[in-house]
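Some notes on the structure that comes next.
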Protein chains: 2
Amino acid sequence: MLMHNPPHPGEVLKELCIEPLGLTVTEAAKGLGVSRKTLSTILNGKSGISPEMAVRLSIAFNTSSESWLNQQSQYDLWQAEQHRKELHVTQLSAA
Amino acid sequence: MLMHNPPHPGEVLKELCIEPLGLTVTEAAKGLGVSRKTLSTILNGKSGISPEMAVRLSIAFNTSSESWLNQQSQYDLWQAEQHRKELHVTQLSAA
DNA sequence: CAGACCGTAACCTATAACGTAACGGGTGTC
DNA sequence: GACACCCGTTACGTTATAGGTTACGGTCTG
């Protein structure tokens, strides 16, 4: 359904929250209550945004947790859709 | 943000897809290309809907993969929000 | 009763999010 | 120049979970 590769949420987080506020990874991680490494791997696209992390981000940056987790879902889904043809699934619905 | 406990996606899957079509777990699992156990644990709320499973469901039942994964996200997020107060996070945004 | 089918439970594996600790690169300051 | 300090990243171990394989108890039907 999605037309093109959505950006990794960590990239968005960096560009929209961390950099504009001039925050370091260390400062932001401290505020979020996670380790520097946990935040670092997210910002570098090495790991995704967990539901709990989405809530943390919503508190720290006064945003909605939904938006963060939805971004992650869109990203994950696009990855999965790339292999749509490889999973042999048969139609089950009446339509 | 969400006001009340969203249903587990497996419950929705059972009520909206499996039961209306009179499918058994075995039949549906075969069509989806997964083991009976994998589908069974989802229907019983023991495991969630993965991105790949969302794509499988979208093919088998001619629906959108987004809707399935979003349901799962809403469910996971509600669980995480219940512990919002326990994660000590400090405000970082200017607002 | 024997066999076939159903759903679930037990066991194992792979992946991934997380913390701790260590590392390498800057930027000082004495 | 040597030391201290902060930064971001990497290495390693832990834990949680989606998934397959197999085995079990239940219900049919021949």
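Here is how names work: the chains are called A, B, and so on, in the same order as the sequence lines, proteins then strands, and each is numbered from 1. A quick note: this is a predicted structure, and the numbers were derived from the prediction, not measured. In what follows, every heavy atom counts, from backbone to side chain, and hydrogens, waters and symmetry copies are set aside.
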Query raised in the report: Is any side-chain N of the basic residue among B:Glu11 and B:Lys14 closer than 4.0 Å to the acidic one's carboxylate O?
Result: no

Pairs under 3.5 Å (N/O, protein and nucleotides 28-30 of chain D):
none

Query - Note, B:Leu13 side chain near B:Leu39 side chain (heavy atom, < 4.5 Å) - result: yes

Query raised in the report: Quick one: are B:Phe61 and B:Leu16 in side-chain contact, heavy atoms under 4.5 Å?
Result: no

Requested in this report: Decide yes or no for A:Asn70 and B:Gln74: does some side-chain heavy atom of the first lie under 4.5 Å from some side-chain heavy atom of the second?
Outcome: yes

Query raised in the report: If we only count heavy atoms from C-beta on, is the A:Ser65 to A:Leu57 side-chain gap below 4.5 Å?
Result: no

Requested in this report: Could you state the atom-to-atom distance from CG of B:Leu32 to P of C:dG7 in whole Å?
Outcome: 13 Å

Query raised in the report: What parts of residues 8-19 of chain A reach DNA chain D, counting only heavy atoms under 4.0 Å away?
Result: none

Query raised in the report: Heavy atoms, side chains only, cut-off 4.5 Å: are B:Ser73 and A:Ser73 in contact?
Result: yes

Report task. Could you tell me the separation between the OH atom of B:Tyr75 and the P atom of D:dA18, rounded to a whole number of Å? Result -> 11 Å

**Report entry** From A:Arg84 atom CZ to B:Ile59 atom CD1, the distance as rounded to the nearest 0.5 Å
**Finding:** 4.5 Å

Query raised in the report: Between A:Leu87 (CG) and D:dA18 (C1'), how many Å, whole number?
Result: 15 Å

Query raised in the report: Does some side-chain heavy atom of A:Tyr75 sit less than 4.5 Å from a side-chain heavy atom of A:Pro7?
Result: no

**Report entry** A:Lys30 NZ - D:dG8 C1' separation (whole Å)
**Finding:** 16 Å

Query - B:Ser40: which of B:Leu43, B:Asn44, B:Ile42 passes side chain to side chain contact (heavy atoms under 4.5 Å, CB included) - result: B:Asn44

**Report entry** Any donor-acceptor pair under 3.5 Å from B:Glu27 side chain to B:Thr24 backbone
**Finding:** yes

Query - D:dT9 phosphate, OP1 or OP2, under 4.0 Å from A:Ser40 side-chain N/O - result: yes

Protein-nucleic acid N or O pairs under 3.5 Å, nucleotides 16-24 of chain C:
from, atom 1, to, atom 2, distance (Å)
C:dA17, OP1, A:Gly48, N, 3.4
C:dA17, OP2, A:Gly48, N, 3.4
C:dC18, OP1, A:Ser50, OG, 2.8
C:dC18, N4, A:Lys37, NZ, 3.1
C:dG19, OP2, A:Ser35, N, 3.1
C:dG19, OP2, A:Ser35, OG, 3.0
C:dG19, OP2, A:Thr38, OG1, 2.3
C:dG19, O6, A:Lys37, NZ, 3.0

**Report entry** N or O in side chain of A:Asn44 less than 4.0 angstrom from D:dT9 OP1/OP2
**Finding:** yes

Requested in this report: Using a 4.5 Å cut-off on heavy atoms from C-beta on, say whether the side chain of B:Gln71 contacts that of B:His8.
Outcome: no

